[in-house]
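See structure below.
Counting convention: from 1, in listed order, for ligands and their atoms alike.
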Amino acid sequence: MNTLVINCGSSSVKYALFDANELVLHKGKRERLSSDEGKSHQDALNELFNELDSFDIHAIGHRVVHGGDAFRAPTPIDDTVISAIEQWSAAAPMHNPYALMAIRDTQKRFPSLPNVAVFDTAFHARMPRRASTYAIDHDVATRHNIRRFGFHGISHEYAAGVAANFLKRPLDTLRLVTLHLGNGASACAVEYGRSAETSMGNTPLEGLVMGTRSGDVDAGVLMGLLQSGEYDVTSLNKLLNHNSGLKGLSGISNDLRDIEQAAADGNDRAQMAINVFAHRARKYVGAYAAAMGGIDAIVFTGGIGENSASMRERILQRLEFLGVQLDLDRNRSSKIANDEEYAVISEPHSRVDVIVVKTNEERMIARETLRISAGEKIAEVPRIPIAVSARHCHLTKETFEALFGAGAEPTMDKPLLQPRQFACKERVNLIGPRNRIDNVRVLGPLRSVDQVEVARTDEFRLGVDAPVRDSGKVAGSAPITLEGPQGSVKLKEGLICARRHIHMQPEDARQFGVKDKDEVSVSVLGGERSLIFGDVLVRVKDSYLLEMHIDTDEANAAELGRGASGGLSIDDIDDDGGVKQLGEAAYHQREKST
Ligand code: ADP
């Protein structure tokens with residue numbers, strides 16, 4: 001199984017052919033491509049396919065810079081995916097069109113081979129809302145899709161994975177700051193395996209100082225330049241994207257090697273460029289450590305991150321307070337051997353490990369492409385079935401016998417999804433001060449406390465006011481009279497309106513990134529009455545099966561009729577109240593009781 005990876009940059013095409021063991025069979029790159037003069041991207045593609053003529057190719061992976069918020073994982077390419085990539089071309093005009101060119105070309109040449117898109121944005125697509133949101137007018141932001149997307153995701157994810165391997169700890173137990181420092185540069189807070197923050201934003205212009213890009217600049221400066229009349233949008237773009245960063249600061253080059261040389265020779269602007277670069281990166285490490293509430297390792301990657309020991313040393317200065325202890329000798333002598341993926345440059349007792357990782361986006365793309373084209377399911381967030389619970393009661397043995405006769409036992413009508421739970425054949429009548437509701441289902445098995453669960457509408461009919469409660473918390477709840485064929489029982493308390501909740505297993509909780517007793521919000525989308533349910537309680541137990549329970553009023557409010565289906569997505573409320581989209585799942589209704 002040989003996988004071809006094509007990585008189209010704004011002026012380059014890099015490609016590599018991997019075998020099933022991720023060994024490189026062939027690779028190459030074409031640079032300085034241009035659409036007006038000299039060699040074009042299409043010429044480069046033609047050359048590359050000539051070169052690869054004698055090799056077998058079984059799958060093709062394409063790096064796609066911008067997938068917006070539409071893609072959270074590598075995706076097999078079909079017409080829908082192509083039009084989505086096209087749609088995001090406006091936001092990445094220097095990259096997406098070339099990726100599309102390569103995709104169309106390979107589809108034409110190899111119509112039967114699977115093509116997979118691996119997105120730079122996907123790793124960041126589940127960033128918490130607090131991190132992805134810009135504090136500008138919310139309507140404007142929504143209308144123009146102004147949010148932080150983040151880039152370099154393939155590299156950040158790869159570097160984080162290599163670091164976790166070295167640390168011999170699962171990625172989802174680690175808080176890492178990954179620094180991809182190349183011509184483009186970005187930092188990422190990788191919190192328990194997910195991107196929690198990243199320095200590139202809506203475009204790859206924000207954040208760190210880069211080869212020719214400015215990174216963070218006060219937006220007021222840009223308005224000032226426009227107002228001055230000296231700049232228009234085109235020249236401003238040129239200034240910020242092509243003539244700033246290391247190049248603009250130093251006035252020498254965008255290549256750090258040249259700048260380091262000039263600085264050593266005493267050039268003041270070169271020294272300033274280095275200082276500004278290091279300071280900015282250090283600032284982000286500190287900020288991300290704060291955002292994650294701690295840090296286990298710092299990971300350097302990219303041309304500068306891998307090769308410039310003095311830049312790494314500068315960036316790490318003053319980070320001792322975080323527990324970072326750089327081993328100066330190891331840092332200076334660190335060379336990642338050809339067949340190695342990383343080198344460690346911190347002191348053995350450093351609380352925070354510092355690791356240099358050789359970036360390998362192509363390898364990561366090959367890995368994902370192989371995984372997807374081999375039919376492995378993308379690590380999807382679990383699907384969440386919804387069960388609509390109609391009014392029902394859980395009874396004690398004592399109450400059950402009082403209603404159905406001494407020695408009576410519940411008889412199973414049908415099993416429920418949760419283990420050992422079942423709907424009984426037995427029914428009771430609820431007698432309230434205002435009205436009665438007959439034929440209310442009893443659920444088994446018998447419990448140690450009586451609990452009657454009704455919807456708000458039922459309460460109005462009965463003429464009672466029941467509190468919204470978690471199951472089992474009936475102390476101080478509303479009274480109700482139960483009537484059975486053999487007698488009736490007046491409960492002093494036990495009537496509740498059940499709080500909506502999701503049952504899940506620890507593994508589901510891990511995938512959703514939630515814990516037992518968390519409150520999340522769940523949105524039911526796509527139907528006639530899309531709705532977000534807030535305050536949904538998460539209940540985690542080994543024996544649970546994944547299922548959300550809502551009552552009939554809640555189901556009606558979202559127009560979830562019997563057998564209806566729609567999209568369901570779970571949002572987890574951040575600790576500061578932001579809502580984080582975790583994923584999507586199909587909705588299918590399951591009758592819990594009649
Ligand atoms: P790109 O983002 O274009 O892939 P790279 O990751 O190759 O870029 O990084 C390019 C940067 O790495 C350049 O600024 C280059 O100066 C720097 N770099 C490469 N090798 C060294 C080195 N030995 N010392 C200092 N900087 C280096």
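Residue pairs meeting the side chain to side chain donor-acceptor pair (under 3.5 Å) criterion with at least one partner in residues 216-225, sequence neighbours excluded, are Asp216-Tyr284. Residues in residues 179-204 take part in these ring pair (Phe, Tyr, Trp, His ring centres under 6.0 Å) pairs, two or more places apart or across chains: His152-His180.
At a cut-off of 3.5 Å, with distance as the only test, no side-chain donor of Glu368 or Tyr158 sits close to an acceptor on the other residue.
A salt bridge links Arg30 with Glu47: the distance from a Lys NZ or Arg NE/NH1/NH2 to an Asp or Glu carboxylate oxygen falls below 4.0 Å. Between Arg143 and Asp139 there is no salt bridge, since no side-chain N of the basic residue sits under 4.0 Å from a carboxylate O of the acidic one.
Under the side chain to side chain contact (heavy atoms under 4.5 Å, CB included) criterion, Ala99 pairs with Val64, sequence neighbours left out.
Every protein residue with a heavy atom nearer than 4.0 Å to ligand 1 is included here: Gly182, Asn183, Gly184, Asn254, Asp255, Leu256, Arg257, Glu260, Gly302, Gly303, Ile304, Asn307, Ser308.
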